[in-house]
Asker: 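Structure below; questions to follow.
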Number of protein chains: 2
Amino acid sequence: MPVTTTSQATTEHQLRDALAGVGKAIGHPHRLRLLELLAQRAYRVEQLAELCDLNMASTSQHLQQLRRAGLITARREGRQMIYRLTDDRIVDLLGLVRDIAQSQLAEVERLLGQLFPQDIDEAPTEVFTRERLLQGLENGSVTLLDVRPGAEFEAGHLPGARHLTLAELKQHLHELPADRTIVAYCRGPYCTLSHQAVAYLRQQGYRVARLADGFPEWKRAGLPVEEG
Amino acid sequence: MPVTTTSQATTEHQLRDALAGVGKAIGHPHRLRLLELLAQRAYRVEQLAELCDLNMASTSQHLQQLRRAGLITARREGRQMIYRLTDDRIVDLLGLVRDIAQSQLAEVERLLGQLFPQDIDEAPTEVFTRERLLQGLENGSVTLLDVRPGAEFEAGHLPGARHLTLAELKQHLHELPADRTIVAYCRGPYCTLSHQAVAYLRQQGYRVARLADGFPEWKRAGLPVEEG
DNA sequence: TTTATATTCAATTAATATGTTGAATATTAA
DNA sequence: TTAATATTCAACATATTAATTGAATATAAA
């Protein structure tokens, strides 16, 4: 007859505790922000602290919670610690949480409407899937534009992408082709950078579209990237 | 020039707060247990309370946290509330958390070794993928055995599955075919029921294998189920 | 209506998580 | 060695979350 030892329930409970640790780790806005940043590239504690507007001790502690949950790893390099995602599946995890929240929580829907307002007069911006972008790059019908911060571009970007931050866009406007569709991309679906770039370029009369998601998802999909 | 309103940072923070809510929701062992159960079938509060060994008030509060996070919905039916997963993607979420934890946390690896000990002498139990099982069912080379509790089987099971709990297995042993492989399945990868069934049947001389994952994953994959 | 029942709400206490400060550690450069 | 720097640890105050109890609500049956 099947045996159910007394310790089995305990083990199952411990197992559930360990899995809950992953939930706890992503269950805080600061840690989500850290993961979003680390999905773009590896960072030192100091940089993360600055980008998240946290002090170093706090940042370090959050990073260690993420590490204990198996979501990031640390490597010492000289006198600094470099943190990175353990695994591309963390990108999937963040994406899945985003998708579930977006489809089930009215609050998220509302906030997205606020963050990405649709100008009702205009036709909606064209959105490229990864497949369509690949095709466009192959037949040379699109110019690819990375509008993330320079450091993120340098650590890795889509092949052939031109890099311009929003601030640089105005001065280099004439360098962009008027006869081809410009496809802008940024950190991911909830990042506003590519939306802002698209709005500006469109206003300036360019043919412009937006990649549906960002660099991490592209890399996660196993598509080629140029690394700095 | 691109505009960054003062409220944008706030909106992004609120958005991250909402997403963190999903993490918080799955960041407690009791709530994970509740989700595992609800992945099998819809349940009333009372049943969940009993299965999780919690009192009703506590159970109800945990359920409401899951509901606020958009992971489950409630429907009143007479004087009772029926809870169910909002979405099959919740099954994906649990699976992804499991996979990440398993590959990144030594503690999880250790606990699994404890929960599913490999008898070193024996050849390891054969594990069927869903694809292989489908094929085996088609050509009639396997008998499918559901070893979950009766209520879960009745709410939905794999087509053609025979239901026997571990307790019932002994008495109905002779009804099982000796000339075909018996494939047992249960709640999912971390459920011990199918392992126990396999160990017993094997010891009794049956040709027996285990489905890699359980009923929720099968259903989630869009494969046919027989509903009670 | 009244009564019985399932569930949720409210209030309390206990437990846990967070942010902050200053000290401790580990590594490089002097 | 010593000094400088990046990071982590320890300890505290504060905030959030959990479990428990008893009361309140909503529905169905009497």
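Chain letters run A, B, ... following the sequence lines, proteins first and then strands; every chain starts at 1.
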Asker: Taking for each residue the nucleotide of DNA chain C with the nearest heavy atom, is it A/N55 or B/E46 whose nucleotide lies nearer the 5' end?
Answerer: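 Its nearest nucleotide lies further toward 5', so the answer is B/E46.
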
Asker: Any carboxylate oxygen within less than 4.0 angstrom of a Lys/Arg side-chain nitrogen, looking at B/E217 and B/K219?
Answerer: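 Result for this pair is no, no salt bridge flagged.
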
Asker: When you check the phosphate oxygens OP1 and OP2 of D/dT8, does a side-chain N or O of A/Y83 lie under 4.0 Å from one of them?
Answerer: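 A/Y83 to D/dT8 OP1/OP2: side-chain N or O found under 4.0 Å.
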
Asker: Nearest whole Å is fine: how far is D/dC9 C1' from A/R67 CZ?
Answerer: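 Spelled out: CZ on A/R67 to C1' on D/dC9 is 13 Å.
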
Asker: With sugar-phosphate meaning primed atoms plus P, OP1 and OP2, does B/Q65 contact a base, only sugar-phosphate, or nothing at under 4.0 Å between heavy atoms?
Answerer: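 Sugar-phosphate contact only.
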
Asker: Both conditions, 6.0 Å and 45 degrees, for the charged tip of B/R210 above the ring of B/F128: are they met here?
Answerer: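 Here B/R210 fails the 6.0 Å and 45° test against B/F128.
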
Asker: Round to a whole Å and report the spacing from NZ of A/K24 to P of C/dT16.
Answerer: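 So the NZ-P distance, A/K24 to C/dT16, works out to 9 Å.
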
Asker: Verify the ring-centre separation between A/H157 and A/H163: is it less than 6.0 angstrom?
Answerer: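 A/H163 vs A/H157: aromatic centres not under 6.0 Å.
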
Asker: Please give the nucleotide sitting opposite C/dA30 as a Watson-Crick or G-U wobble pair, both distances under 3.5 Å, or none.
Answerer: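 D/dT1 is the nucleotide pairing with C/dA30.
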
Asker: Once you round it to whole Å, what is the distance between C1' of D/dT16 and NE2 of A/H28?
Answerer: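 Those two atoms, NE2 and C1', are 10 Å apart.
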
Asker: Classify B/M81 by what it touches in the nucleic acid, base, sugar-phosphate, or nothing, heavy-atom distance under 4.0 Å.
Answerer: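 Touches sugar-phosphate only.
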
Asker: Hey, is the side chain of A/Q61 pairing donor to acceptor with the base of D/dT7 inside 3.5 Å?
Answerer: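 No such pair is found, so the answer is no.
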
Asker: Could you check how far CD1 of A/I82 sits from C1' of D/dT7, rounded to whole Å?
Answerer: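 It works out to 12 Å between those atoms.
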
Asker: Taking atom P of D/dA18 as reference, at what distance in whole Å does atom CG of A/D17 sit?
Answerer: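 Distance check: A/D17 CG to D/dA18 P gives 13 Å.
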
Asker: Report which part of the nucleic acid B/Q47 touches: base, sugar-phosphate, or nothing (heavy-atom distance under 4.0 Å, all strands).
Answerer: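 B/Q47: no heavy atom of the nucleic acid under 4.0 Å.
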
Asker: Hey, is the side chain of B/R76 poking within less than 4.0 Å of OP1 or OP2 on C/dA6, counting only N and O atoms?
Answerer: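 No, because none of the side-chain N or O atoms of B/R76 sits under 4.0 Å from OP1 or OP2 of C/dA6.
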
Asker: Decide whether B/Q80 and B/Y43 meet the rule of one side-chain donor and one side-chain acceptor closer than 3.5 Å.
Answerer: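 No pair is found: no donor N or O on one side chain lies under 3.5 Å from an acceptor on the other.
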
Asker: Is a donor from one side chain sitting under 3.5 angstrom from an acceptor on the other, for A/Y83 and A/Q64?
Answerer: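 A/Q64 and A/Y83 do not have a side-chain donor-acceptor pair below 3.5 Å.
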
Asker: Round to a whole Å and report the spacing from CD of A/Q80 to P of D/dT8.
Answerer: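 It works out to 11 Å between those atoms.
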
Asker: Atom CD of A/E50 to atom P of D/dA6: distance rounded to whole Å?
Answerer: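 Distance, rounded to whole Å: 12 Å.
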
Asker: B/L63 CG to D/dT17 P: how many Å, rounded?
Answerer: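 Taking CG of B/L63 and P of D/dT17, I get 17 Å after rounding.
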
Asker: Quick one: is A/H30 getting a side-chain N or O under 4.0 Å of the C/dG19 phosphate, OP1 or OP2?
Answerer: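 True: A/H30 side-chain N/O within range (under 4.0 Å) of C/dG19 OP1/OP2.
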
Asker: With a 4.0 Å limit, can you tell me whether B/R79 has a side-chain N or O closer than that to the phosphate oxygens OP1/OP2 of D/dT25?
Answerer: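 Checking B/R79 against D/dT25: no side-chain N or O falls below 4.0 Å of OP1 or OP2.
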
Asker: Look at the side-chain N and O atoms of A/H62 and state whether any lies under 4.0 Å from the OP1 or OP2 oxygen of C/dA17.
Answerer: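 No, no such contact exists.
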
